[in-house]
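In what follows, a single structure is set out as structure tokens and then discussed.
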There are 2 protein chains.
Amino acid sequence: MTGSHPGPPAGGLRTTGVQDGPAGAGVAPGTQVAVTVVGRTSGDGTGGTGTSSTGRRERKKTATRAAIRDAAMRLAVRHGVENVTLEQVAAEADIALRTFFNYFSSKEEAVVAGAAGDFLAFVAEFRARPRGESVLQALREAALAVLDRAVTDDRDHLAALLVIRSERSLVPQLLAALAAQEDVLADAIAARLEPAAAASVYPRLCATTALAGMRIALDRWLAGAADTGAVPSFAVLRSELDAVLGELAAGLDRPGTPG
Amino acid sequence: MTGSHPGPPAGGLRTTGVQDGPAGAGVAPGTQVAVTVVGRTSGDGTGGTGTSSTGRRERKKTATRAAIRDAAMRLAVRHGVENVTLEQVAAEADIALRTFFNYFSSKEEAVVAGAAGDFLAFVAEFRARPRGESVLQALREAALAVLDRAVTDDRDHLAALLVIRSERSLVPQLLAALAAQEDVLADAIAARLEPAAAASVYPRLCATTALAGMRIALDRWLAGAADTGAVPSFAVLRSELDAVLGELAAGLDRPGTPG
DNA sequence: CCTCATGGTGCACGACGTGCATCTGTGCAC
DNA sequence: GTGCACAGATGCACGTCGTGCACCATGAGG
């Protein structure tokens, strides 16, 4: 249910001064965004808006897509991505091999599709944030909302992330999925700014950096998960994210050693 | 060589206050780094140190590797990556098809290998920067040195970059090559800092962000090249880079609209 | 000159990915 | 309800990719 977790003092960003949005920086109570993750539409994969069903046809398609994605992930978790053939995936999803390619163009794409959906949801969530929040603040809240949902709603989701993280052959595909959202997020960021700022490098840079930051925070969190075996707390993930965003807000330069 | 170009007032970063390195922030005159790009060693591809020839064997290997890389790039430029088969590449490089896989594991990897080498050189260059420079300052100078060499020394290099930029199927491979350098660069950055800072997220974040920033600056520059057709000036590239680094130094947050 | 190690090559084979023709079920108009 | 038009699923064929294995050729070292 997208519960916003209790957790430690929601410190927000230690933004060193730039931002000074309205007091309680948390989510405005009525602003539940919801996003409906399910979407992923169909053919194009760019993330069209038509989530609502035109009818049974659309529903079946999204169901098939989800079935393939889940089958691919399930098999990848069990046997390792490299050791799974598309034929097996097709069998597991109960479709013809040929049909697989109507939905995904490669095994890797199917396995990563879940995570790619999260990025999509992240951007959507960001768009829905109240305009009073600073850019990084809104990015933070959007990220937390998506990650919260991803980690709590679905236990398999965590296993999926761990597989993606550990399997080397998935890295390119994952990064590509991430990069695919850069432009969309950049537009969303630009929409929050005055024309002057919107026309600069800033939106693009901020979008790319924010997505990279999420990747890093998540990676470090998952690294902890991989080490200890136990599922780390959501609070840890939040602090990782805040650390990253704090650095980005404060500026990345560091003086050299005078000597 | 590696002439440092005349160009407009080498303004360095407008770092808003954090950094305050020694006066003339430019390259210390005697500190030519040199890096010897040629390297790329051989098998592992991780960038081992043994550039020097153990003998004819090593030399032949690097020559073969370069021949394959150049052949792949040449054909990709001429016919488009998708329309080139490995058989053609092998023929162009005058090797057996089977031999191709002794050097690269895919067509895309071969085409991108040139750019990947640049990233490697970038990290090496950064390591060699004087410790007096701030982190972003050193990153800037390293980037300029590599880009300068890449753009001026070799006219084909620019064509290569344009192909990589335009071909969608190369994106994942390119990003993967970039990501492969993140950890190395992060270590190099950490080596410049006190233990406390070195142990934080900062090095990793800064490394990832810097590489992403280079990608963005280069992308925008190449976009200009693609539009106008003409080869844009190196000064433009430098200003793109400075804009990016300036933003990163100043911090990425932007206040929300109060209303 | 002999021997060893390393890299190049040919071969076989399974997996990947796509174009094309066909079949089936849905959406829709009547 | 009936029938038409089309989107999507499937089967088939074909070319490319990528790898394991065995063998040959050449440089390194004695």
Side-chain angles (χ1 to χ4, degrees), chain A residues 40-45 48 50 52-69 71-72 75-76 79-112 168-170 172-173, chain B residues 40-45 48 50 52-69 71-72 75-76 79-113 168-170 172-173 176:
Chain A
R40 211 102 66 244
T41 348
S42 54
D44 59 357
S52 60
S53 52
T54 308
R56 176 169 14 217
R57 221 167 201 164
E58 289 300 318
R59 261 181 293 128
K60 278 203 160 188
K61 248 176 40 168
T62 57
T64 302
R65 187 181 179 84
I68 297 175
R69 170 167 47 78
L75 291 176
H79 305 119
V81 178
E82 301 300 332
N83 304 321
V84 177
T85 70
L86 290 183
E87 207 162 1
Q88 293 171 328
V89 173
E92 177 88 2
D94 194 34
I95 52 155
L97 172 60
R98 185 62 184 83
T99 303
F100 176 92
F101 295 103
N102 288 355
Y103 290 89
F104 301 99
S105 53
S106 75
K107 183 171 48 178
E108 287 73 21
E109 185 182 330
V111 175
V112 170
R168 204 141 207 84
S169 67
L170 295 180
Q173 202 65 43
Chain B
R40 211 101 66 244
T41 348
S42 53
D44 58 357
S52 61
S53 54
T54 309
R56 173 169 17 215
R57 223 163 197 165
E58 289 300 319
R59 261 179 293 129
K60 276 203 162 188
K61 248 174 44 168
T62 57
T64 301
R65 187 181 179 83
I68 297 175
R69 171 167 46 79
L75 291 176
H79 305 118
V81 178
E82 301 300 331
N83 304 320
V84 176
T85 71
L86 289 184
E87 207 162 3
Q88 293 171 329
V89 173
E92 177 88 3
D94 195 33
I95 53 156
L97 172 59
R98 184 64 184 81
T99 303
F100 176 91
F101 295 103
N102 289 356
Y103 289 89
F104 301 98
S105 53
S106 75
K107 183 171 49 180
E108 287 74 20
E109 186 182 330
V111 175
V112 169
R168 205 130 206 88
S169 67
L170 295 180
Q173 202 64 42

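Chain naming here is simple, since letters A, B, ... match the order of the sequence lines and numbering starts at 1 in each. Please read these numbers as outputs of a predicted model, since none were measured by experiment.
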Picking from D/dG11, D/dG27, C/dG17, the nucleotide nearest the side-chain atoms of B/R57 would be D/dG27
With respect to the side chain of B/I95, which nucleotide from C/dG7, C/dG17, C/dT9 is positioned closest?
-> C/dT9
When we call it a touch if two heavy atoms are under 4.0 Å apart, what does A/L97 touch: a base, just sugar-phosphate, or nothing?
-> nothing
Rounding to a whole Å, what distance do you find between B/E58:CD and D/dT26:P?
-> 19 Å
D/dC17 P sits how many Å from B/F104 CZ, rounded?
-> 15 Å
Separation of A/K61 atom NZ from C/dG27 atom P, in whole Å?
-> 12 Å
Which heavy-atom pair separates A/I68 from A/V89 by the least distance, and what is that distance?
-> O-CG1, 4.2 Å
Grab the CG-C1' distance between B/L86 and C/dG17 for me, whole Å please.
-> 14 Å
Among C/dT9, D/dC17, D/dG8, the one nearest B/N102 by side-chain distance = C/dT9
Is there a donor-acceptor pair under 3.5 Å between the side chain of A/Q88 and the backbone N or O of A/T85?
-> yes
Whole angstrom is fine here: how far is it from CZ in B/F100 over to P in C/dT9?
-> 14 Å
Nearest-angstrom distance from the residue atom OH of A/Y103 to C1' of C/dG17 | 18 Å
Rounded distance in Å - CZ (B/R98) to P (C/dA12) = 14 Å
Within this structure, what is the CD1-to-P distance between A/I68 and D/dA9, rounded to whole angstrom?
-> 8 Å
Checking D/dA9, D/dG18, C/dT18 against the side chain of A/F101 (C-beta onward), the nearest is C/dT18
